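The structure under discussion appears below in the form of structure tokens.
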There are 2 protein chains.
Amino acid sequence: MKKRRVKLEDIARKLNISIATVSRALDKNPRVKPSTREKVFETANAMGYMPNQIAKSLSSGKTNIIGVIIPRYDEPFFIEVCRGIDHYAREHHYKILISSSRNSFEFERENLISYEKGLVDGIILSPTHETETFIHIQNIINKGIPVVLFDNIKQKVNGATHVIIEDDKASFSAVEFLVKKRKKTIAFIGGIKEKKVFQDRFKGYLKALKKHNIAVDDRLILHCSSLDREYEDAEIQNFFNRIPIQPDAVFACTDNYGLLAMKTLLNLGYKIPEDVSVIGFGDLGLGQIFVPSMTCIAQPSFEMGQKVAELLIDQLHEIDDVVPQKKVIKLDTKLVLRDST
Amino acid sequence: MKKRRVKLEDIARKLNISIATVSRALDKNPRVKPSTREKVFETANAMGYMPNQIAKSLSSGKTNIIGVIIPRYDEPFFIEVCRGIDHYAREHHYKILISSSRNSFEFERENLISYEKGLVDGIILSPTHETETFIHIQNIINKGIPVVLFDNIKQKVNGATHVIIEDDKASFSAVEFLVKKRKKTIAFIGGIKEKKVFQDRFKGYLKALKKHNIAVDDRLILHCSSLDREYEDAEIQNFFNRIPIQPDAVFACTDNYGLLAMKTLLNLGYKIPEDVSVIGFGDLGLGQIFVPSMTCIAQPSFEMGQKVAELLIDQLHEIDDVVPQKKVIKLDTKLVLRDST
DNA sequence: TAATACAATGCAAACGTTTGTATTATTAAA
DNA sequence: TTTAATAATACAAACGTTTGCATTGTATTA
């Protein structure tokens, strides 16, 4: 069934020249005579030659593959980042190997180890909420494999570049916006408490309330604990069904939470934005479709992907001896106003 | 900067044994004495040995990587399929290399060629709307690389396994459902005409109308031509803004079209489902969040991914001499009723 | 016409594994 | 003890490239 691949040797034999010459000819190396090169190209085509990437990689020590680890697929933010990575990477002749850590530290570690086997030239990683220790990442870096981290970074990792947004600032400004609209009972819907981004978004919420002398009311605060799409809905419905006071605004830490909140509130008979304003976080398209459309903090996801890829690829091309400056890159967010506020 | 990797040779030298023995010891090959094996494992650990996947692949001729080509990232259906693939693949020790053809035949071909260089053991592909000729796929198969196709297959490819749903049947039953609800002016929102799945879904629509003696009215039919999320919205808004008759139902060929239709209709003052019913296609979660929630044809995307991966991996494990039976697998859809009808 | 330069090509090692076969060491049987 | 059997290990080729260095061929100069 499986056909034997044509290799350099086959071309060499047919033309009665050496493998080295064939290799160089295909490389357009000026050391081989134009006429020879032509002949090589012709027979290579005729024979259907296709270089063996694996052999090339073994010889060169480069695979031109970037390993990407995200906590989950079913979060549009991560997919959008991947799209950004793919865009930049392809332009620079890299391919991407994506895997999901499924919100599990163990999976994240396993993935990292599998990448350590030399399959990838560098790694882009967004740590899970479970990730408390970073030695598994440090280990990889110590082996000389460049790593770029994005989103949800609990701890600065020495030698890695970080790309983040300022979650606390962003949520602070969103909540302050609500306060300035004279909202007094602002509900907060966050995600799992263990996740740094949610912690920071919560901090921003608290800070805005404090600044404007609004008392924090625990009954208005929900930290969703679901890791799956299916349970988030129930959790948020529960929350609003039982809430003892009527909120006049909701600040949600993701677009999805925001949409689910709007859905639940509408079903409970609230009018948006008359009775209650809602702000989401992310701005990944769905907020624009919902009726009413949702005000969001726009996070530059695609751009984040591009940036992350750019930084990694830059690092891959650095001269080995130059000890590179590792950086923390902060991308800007902005509040996009729509009908829900 | 870059540390030299520890290799078998280093372990061998340290223990004064041969590379072959080290290799076999790590493989737990019974040909090496238990005590030797122990020593090998110990020093391997102590030295931080990590096998070189590339070298392994070159030697074994297997990479344990599956190449996946999808037309676009920003279509939840494809991501859900990828998630299914990832799930099944990981369980069977395969990794996935994803790339997007960006709705372009040329990109699809390029990706395929890049995979042909021996990087992947097999390929999962969903052809673009531009893909008319299938020789690039046939070529790959002829080289002995297994290919499984899913969604949007215009032409049966010899030697490839196909996984599809019966788009015409599914849309027929959805439209018939509307007819039975006494809907007479049923609008159709499809995608680019060149895409087989949209052609089939349109056929189902026509067939249902015909069966129930409802005249086809071109003014009720929209074939969206946008390939980008951003333009779809405008196209659908335009359509409903200018529509000369009031539809009493809308059958949309994707969830996104359905949601955009609902949004536009609501903004135009229609009541859903009182004035107009809406059915979407896909059922990827968003329909449940929208208010009112959207009735959908549920397409088993995750399962499709799993199935596709299963079929490919089965093929990869087939004995080479056995000429395998290539199949066309049809997955079931069902109509999920919600508030929009 | 011999010496010299340089263009074109070839040889062989290297990349890090795996694995068939050969070799050596050890044990059991005669 | 020597022989036969078997267990343990070693050798070397193979996977398909790339590349530094050596070699051959050709043209230029004196």
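Protein chains get the first letters and strands the later ones, always in sequence-line order, with residue 1 at the start of each. Just so it is clear, the values below take in all heavy atoms, side chains as well, and ignore hydrogens, waters and symmetry mates. What you are looking at is a predicted structure, and each value in this text was computed from that prediction instead of being measured.
Taking the nucleotide of DNA chain D with the nearest heavy atom to each of B:Leu58 and B:Thr21, the more 5' of the two is matched to B:Thr21. Residues A:Thr36 and B:Tyr49 both approach DNA chain C. Their nearest nucleotides, taken by heavy-atom distance, put A:Thr36 toward the 5′ side.
Here B:Arg109 pairs with B:Glu106 in a salt bridge; the nearest charged N to carboxylate O distance falls below 4.0 Å. In this structure, B:Asp86 pairs ionically with A:Arg102, as a charged nitrogen and a carboxylate oxygen lie closer than 4.0 Å.
Contact annotation: B:Lys7 side-chain N/O to C:dG16 OP1/OP2 distance is under 4.0 Å. Residue B:Ser57 places no side-chain N or O under 4.0 Å from the OP1 or OP2 atom of C:dT17. For the pair B:Ser23 and C:dT18, the criterion of a side-chain N or O lying under 4.0 Å from OP1 or OP2 is met.
Atom P of nucleotide D:dT9 and atom CG of B:Asn29 are separated by 11 Å, given to the nearest angstrom. Nucleotide D:dG16 holds its P atom 13 Å from the NZ atom of B:Lys62, rounded to whole Å. One atom, CG of A:Leu26, and another, P of D:dG16, lie 16 Å apart when rounded to the nearest Å. The distance from atom CD1 of A:Ile17 to atom P of D:dT23 is 21 Å, rounded to the nearest whole Å. Rounded to an integer number of Å, the gap from CD of A:Glu38 to P of C:dA8 is 14 Å. Following rounding to the nearest Å, A:Ile54 (CD1) and C:dT18 (P) show an atom-to-atom distance of 14 Å. Atom CZ in B:Arg5 sits about 9 Å away from atom C1' in C:dG16, given to the nearest Å. In this structure, CG of B:Leu8 is placed 10 Å from P of C:dG16, rounded to the nearest angstrom.
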Just the dot-bracket of DNA chain D, please: which string comes out with Watson-Crick or G-U pairs under 3.5 Å, [ ] for crossing, | for another strand? ||||||||||||||||||||||||||||||
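Relative ring orientation between B:His87 and B:Phe302 is described as perpendicular, the plane-to-plane angle rising above 60° on a 0-90° scale split at 30° and 60°. A perpendicular orientation is assigned to the rings of B:His136 and B:Phe105, their planes being inclined by more than 60° (bins at 30° and 60°). In this pair, B:Tyr88 and B:His92 present their aromatic rings parallel. The plane angle is below 30°, not in the 30 to 60° band.
Residues passing the ring-ring contact (aromatic ring centres under 6.0 Å, His included) test with A:Phe77, sequence neighbours excluded: none.
Not one N or O on the side chain of A:Asp151 forms a donor-acceptor pair closer than 3.5 Å with the backbone of A:Ser126. Side-chain N or O atoms of A:His162 include one that pairs as donor or acceptor with a backbone N or O of A:Val157 at under 3.5 Å. The backbone N or O of A:Val40 lies less than 3.5 Å from a partner atom in the side chain of A:Thr43, making a donor-acceptor pair. When atom types are taken as modelled, the side chain of B:Arg72 and the backbone of B:Ser101 share no donor-acceptor pair closer than 3.5 angstrom.
The listed nucleotides are C:dT9, D:dT17, C:dG16; the one nearest the side chain of A:Lys33 is C:dT9. Among the nucleotides C:dG16, D:dA10, C:dC15, the one closest to any side-chain atom of B:Ser59 is C:dG16. Across C:dT17, D:dT19, D:dA10, the shortest atom-to-atom separation from the side chain of B:Ser18 is found for D:dA10.
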Could I get a table of every N or O pair under 3.5 Å where one atom is in the protein and the other is in nucleotides 20-22 of chain C?
residue: C:dG20; atom: N7; partner: B:Arg24; partner atom: NH2; Å: 3.2
residue: C:dG20; atom: O6; partner: B:Arg24; partner atom: NH1; Å: 3.4
residue: C:dG20; atom: O6; partner: B:Arg24; partner atom: NH2; Å: 2.7
residue: C:dT21; atom: O4; partner: B:Arg31; partner atom: NH2; Å: 2.6

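Residue B:Ser60 is classed as having no contact, given no heavy-atom separation below 4.0 Å to the nucleic acid.
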